[in-house]
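Notes follow the structure.
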Amino acid sequence: MKRRKVDLKALPGKSAEAVDARLHVATPLRSLLNKVFPDHWSFLLGEIALFSFIVLLLTGTFLALFFEPSMQEVHYNGSYVPLQGVEMSRAYETALNLSFDVRGGLVMRQMHHWAALLFMAAIVVHMIRIFVTGAFRKPRELNWIIGLSMFWLGFTEGFAGYSLPDDALSGTGLRIASAIMLSIPVVGSWVTTSLFGGEFPGEIILSRLYIVHVFLLPLILLGLVTVHLALVFMQKHTQWPGPGRTNSNVVGERMFPRYALKQGGFFMLVFAVIALMGGLFQINPIWLFGPYEAAVVSAGSQPDWYVMFLDGSTRLMPAWEIRAFGYTIPPLFWPTVVLPGILTVLPMAYPWIEARWKKDKGHHNLLQRPRDVPDRTGLAAMALTFYMVLTISGGNDIVADKFHISLNAMTWAGRIGLLVLPPLAYYVARRIALGLQQHDREVLAHGVETGIIKRLPNGQFVEVHQPLAPADDHGHTDLPYVGWTVPKKMNRLGALGPAVRGFFRPIEQAAPPVQQKQVEPPPTREEITSGKH
Amino acid sequence: MKNETTVPAPGAPRQRGRVSRRMSGALRMFAALMFAGGLYLTFAPGVQAQGAAPMSDAAQAGQALYDTSCITCHGNNAQGVDGRGPSLIGVGSAAVEFQVETGRMPAARQEAQAERKQPQFTTDQARQLGAYIQELGGGPQLPAGEDFASKGKVSRGGELFRINCSSCHAFSTGGGALSSGKYAPTLTESTDRQIYAAMLTGPQNMPVFGDTELDPQDKYDIIAYVRALQDDQDPGGWGLGRFGPVTEGLAIFLVGVVALVFAALWIAGKS
Amino acid sequence: MSESNTQVVDLDDPNLTTFDIVREGARRDGIEIVHYEPQYPAGSKGEKRMVRIVSFFFLLTGLASTAFVVAYIWWPWEYEMGANASKLYTPILGLTLGLALIGVGLGILTWGKKLLPHEIAIQDRHDGPSDPVERKITGETLKFIGSELSVARRPALKLSLLGLLPLGAAAAAPLIGGLIKDPHHPDILFKTGFAGATKENPIKLVRDDYTPIRPEEVSTGGQITVFPGIPGGVSNKYADSPTLLIHLREGDAEALRANLYEMNQGSPWQSYVAYSKICTHAGCPASLYEQQTNRLLCPCHQSQFLITDNAKPIFGPATRSLPMLPITVDKDGHFAATGDYKVPVGPAFWEKS
């Protein structure tokens with residue numbers, strides 16, 4: 001008994017030795033375990049995309065066990081009564097069977113779809129974070145490009161998946177996709193007939209989309225995700241400026257155990273949100289749409305949200321067609337081929353554009369607060385507004401119908417809004433950024449507002465400011481701004497009670513205000529000074 | 001709100017013409033009665049049927065209602081008033097029932113499209129009005145009964161719905177936008193009779209689906225399908241209004257992204 | 001925090017704690033653990049509370065997972081129309097699975113955030129260009145590899161490398177050659193299912209159940225979606241053939257007759273007109289027929305077409321009129337097409353003038 005117990009205890013050590021004897025991993029493993037990661041909520045947005053990608057792989061594999069991308073005509077005789085006896089493709093039939101005749105199939109289908117929407121949403125939100133904080137700057141341009149490519153790959157992957165069930169809604173989308181391909185000058189008709197194996201819809205397109213959706217694109221995405229993460233690993237994560245944080249160090253937590261635990265927990269939460277949405281919110285009810293037939297369409301036909309901006313740009317496009325020498329460039333070409341082209345190339349080149357514009361070729365591991373680069377923040381607001389106007393226009397018929405606005409008015413509002421709102425957004429965001437900057441500097445120079453009003457002997461009223469460092473004769477301090485939060489409330493200085501805790505309402509009694517005749521000049525705050533380097 | 005009255009009827013078109021033939025028979029009978037009974041009462045110029053023939057009790061009650069509530073716009077004996085309201089001769093009781101029972105008539109004001117609102121008349125009163133207009137000028141009529149859905153075959157109704165109805169009323173029967181502020185209304189509030197009447201008479205911008213395009217059985221099938229969709233609870237949780245990808249996109253941001261950003265704030269927050 | 005930088009740690013020192021060794025290991029990786037402090041003293045009330053919370057979450061997971069499995073097996077799952085228990089199957093699965101995962105997630109997170117010591121570690125970065133010496137050596141190595149292959153010195157070799165180009169072509173050929181499909185032979189983009197129709201041999205217009213249509217069957221202000229009356233004419237094989245047959249009011253028909261394009265002369269039959277249902281913009285069925293304003297609206301991108309004027313676009317992104325099908329009434333009294341559309345149906349493309 002006793003002997004066995006000793007053996008058992010020594011077992012992990014023994015096996016570790018055995019592994020190291022063969023793999024020689026002790027040093028690299030230790031440095032991996034010890035690797036330091038900075039901690040900030042905005043660094044977790046990309047993880048949402050990563051984790052939903054994993055959920056997509058898991059649920060997608062399940063779906064693939066039951067789905068058959070065949071366009072062979074069959075008569076449905078599954079459980080869903082309103083479609084019984086209806087002629088449809090095998091693909092649509094198996095998608096219906098997944099929803100109604102496979103136990104738990106519907107929740108899997110819905111989780112897969114929600115995970116896809118979340119994947120794209122997280123990519124966009126993560127991309128905005130990267131952009132406005134300047135995390136794409138040298139040396140991380142390559143990862144920025146990889147990220148952008150993954151957006152477009154995810155976009156294509158999502159569209160292919162949306163098209164697979166061969167329901168009337170996705171068939172309409174596929175028909176528009178074929179028209180988009182047709183619109184390409186010179187080669188359009190050849191590209192379309194080649195991809196569809198003849199005229200739309202043909203008999204082969206679903207098989208082709210299927211292999212693209214379940215093999216080609218996931219493989220490429222997986223490869224890019226790996227490279228994306230490997231680069232973050234090698235180049236080490238960026239960090240915010242702050243106490244002790246410099247361009248040449250990383251301040252945070254070692255990967256194991258705490259950081260890894262947090263990541264694992266977050267994965268579970270992402271998975272949980274997808275599971276909850278997959279069970280509680282119905283998505284893409286293909287049985288309502290019926291099988292795809294060329295003559296069938298529905299009011300309010302939209303693609304999934306991440307494609308909606310292209311649908312919007314198509315809706316807003318004026319009826320301009322170029323015809324010359326017996327050849328045509330259809331109006332569809334500009335908003336659906338040229339625009340995405342610009343939206344790919346321009347952001348990819350942006351790191352170099354900005355480096356030239358701002359004459360900054362330096363190496364950056366410290367992030368910038370959006371307020372500190374008003375031009376870039378303005379550009380981000382501008383791009384986002386552009387995207388929002390297009391996305392809303394992609395659903396403008398639903399907006400028109402539900403809010404009783406004329407459809408034609410919605411289109412015109414979109415056209416005008418697309419030109420007017422982005423510059424406006426640039427201006428507003430830039431002014432806000434400058435205003436915030438100015439306030440930071442004001443607090444650094446004059447101190448925090450105390451809320452105490454003093455009457456001077458000459459009758460003048462002034463507010464007493466609490467300087468952040470020993471002040472000169474005029475009450476001015478000479479603190480440099482280091483690109484991180486400036487304390488703006490007395491409780492941040494420890495001069496008043498701590499902020500009342502609680503999200504919507506206080507969960508505890510507010511501490512009685514500290515009665516102080518004279519506010520002690522607080523020790524110089526870490527936030528301000530120790531970042532000097 | 002016109003109906004098929006102009007077309008000659010050559011041959012026997014696959015048993016679809018019976019209803020309309022019966023209707024034109026009724027029309028002719030009315031004309032005869034009118035001539036026999038009350039030529040001397042003719043006071044409005046021009047057109048055929050005046051309400052002198054002995055009318056049923058219901059029609060008389062309907063006339064009383066008409067003369068107090070509808071006459072301002074639709075004129076004496078439903079002849080219509082220029083710039084206010086069209087003539088109702090020949091629209092039939094189906095159109096009257098539809099317009100009155102859904103509250104579209106009496107209209108609140110002249111606008112692109114009359115909206116469904118709280119009806120001002122009871123169902124009985126609407127039927128009386130219908131009887132009056134019917135006996136006055138003829139036109140399409142609804143079959144008897146309240147429950148049409150049970151007579152239809154759901155899956156055939158689905159096929160017909162998708163090819164004829166979904167383009168405006170959407171797959172979900174939730175309705176959709178038309179050009180310049182017009183819209184196809186939702187079918188969720190409509191009764192079986194109202195859906196039937198709408199198909200039969202083509203109110204406002206809706207095309208007419210007369211009994212020769214969709215025979216009564218086709219209409220029952222469609223109604224059965226619409227009812228089936230509405231009565232069938234969503235199997236995948238809350239249906240998000242069955243609006244499609246627009247609400248799904250909103251949901252992923254308002255629920256998914258917001259929840260996870262809060263989670264991230266908590267995870268990375270100082271503890 | 002910096003006193004230990006110069007200190008050499010003797011790993012065999014029996015007084016070393018495990019944490020000392022960990023800290024030394026981190027130091028060897030360029031990491032300084034500057035702050036490491038348990039959030040709750042061991043055995044304190046706060047710690048016990050946190051342990052209870054973590055256990056609660058894990059317990060929740062156990063319960064929810066059990067509920068998931070139980071519901072998965074025993075809850076009625078087979079689809080049934082109406083409002084019944086089977087409609088709750090998916091929500092229950094989602095809810096129990098979600099709760100189970102939330103339990104694990106929050107449990108792990110509370111464990112990591114509250115029970116593990118709070119830590120601040122600083123790691124040096126080693127980025128930017130490599131050491132100049134290293135760069136030089138690697139650069140020379142690369143150059144050396146290049147010169148060893150000595151393509152530059154041996155022109156014959158360079159030339160013969162060109163001979164490998166066909167290999168690339170051979171790899172690409174099956175891919176491109178297998179996929180490529182000529183859109184013009186046969187001329188699929190310019191023809192619909194009505195292509196075989198002539199004046200003498202018209203093709204009947206049929207409903208989706210292949211029944212033909214008589215004029216009196218289309219009400220004034222009514223429309224029917226029709227297909228070519230050929231085998232498979234209703235199927236997706238003829239995806240560009242769906243057509244809208246509209247019966248105009250007499251006044252509107254007159255307006256149309258006055259507006260007819262040259263090529264559309266004689267295409268309508270009395271007050272009946274047939275337009276392609278396939279939008280000239282992106283190919284959706286432009287089938288939202290407004291019988292009073294005489295407009296056809298496409299639900300995909302909101303192009304609007306005026307029926308009384310050759311279905312020319314009056315709003316939205318579409319640039320071309322919907323093609324008009326020449327129709328007549330054949331000897332059986334049914335509608336029929338006397339020819340194909342005069343212009344190609346559907347979205348425009350390069351070769352479509």
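Note on naming: letters A, B, ... go to the chains in the order of the sequence lines (proteins, then strands), and numbering restarts at 1 for each one.
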Tell me, side chain or backbone of C:E80 under 4.5 Å from chain B's heavy atoms, or both, or neither?
backbone
C:E250 meets the side chain to side chain donor-acceptor pair (under 3.5 Å) criterion, sequence neighbours left out, with C:R257
Taking only distance into account, with no hydrogens and no angle test, what donor-acceptor pairs under 3.5 Å do side-chain atoms of residues 250-260 of chain B form with protein atoms, sequence neighbours excluded?
none

Main-chain N/O of B:K151 paired to B:Q217 side chain as donor or acceptor, under 3.5 Å:
yes
Which of parallel (below 30°), tilted (30 to 60°) and perpendicular (above 60°) describes C:Y72 and C:Y89?
tilted
If you count heavy-atom pairs under 4.5 Å with chain C, which of B:D234, B:D231, B:L178 comes out on top?
B:L178
Who among C:N294, C:T293, C:I92 has the most heavy-atom pairs with chain B under 4.5 Å?
C:T293
Look at C:T90, C:L109, C:T225 and state which one has the largest set of heavy-atom pairs under 4.5 Å with chain B.
C:L109
Using heavy-atom distances under 4.5 Å, tell me whether C:Y79 contacts chain B through its side chain, its backbone, both, or neither.
side chain
Do the side chain of C:N84 and the main chain of C:S86 share a donor and acceptor less than 3.5 angstrom apart?
yes
Answer with side chain, backbone, both or neither: which region of C:L288 has an atom nearer than 4.5 Å to a non-hydrogen atom of chain B?
both
What part of B:A177 gets closer than 4.5 Å to chain C, counting heavy atoms only: side chain, backbone, both or neither?
backbone
I'd like to know if the side chain of C:T243 and the backbone of C:A274 have a donor-acceptor N/O pair within less than 3.5 Å.
no
What part of C:Q304 gets closer than 4.5 Å to chain B, counting heavy atoms only: side chain, backbone, both or neither?
side chain
Heavy-atom pair count under 4.5 Å with chain B, highest-scoring of C:G221, C:G112, C:G105:
C:G221
Can you name the closest pair of heavy atoms from B:K219 and B:D211 and give their distance?
NZ-OD1, 2.7 Å
Given heavy-atom pairs under 4.5 angstrom as the criterion, report whether the side chain, backbone, both or neither of B:R156 touches chain C.
side chain
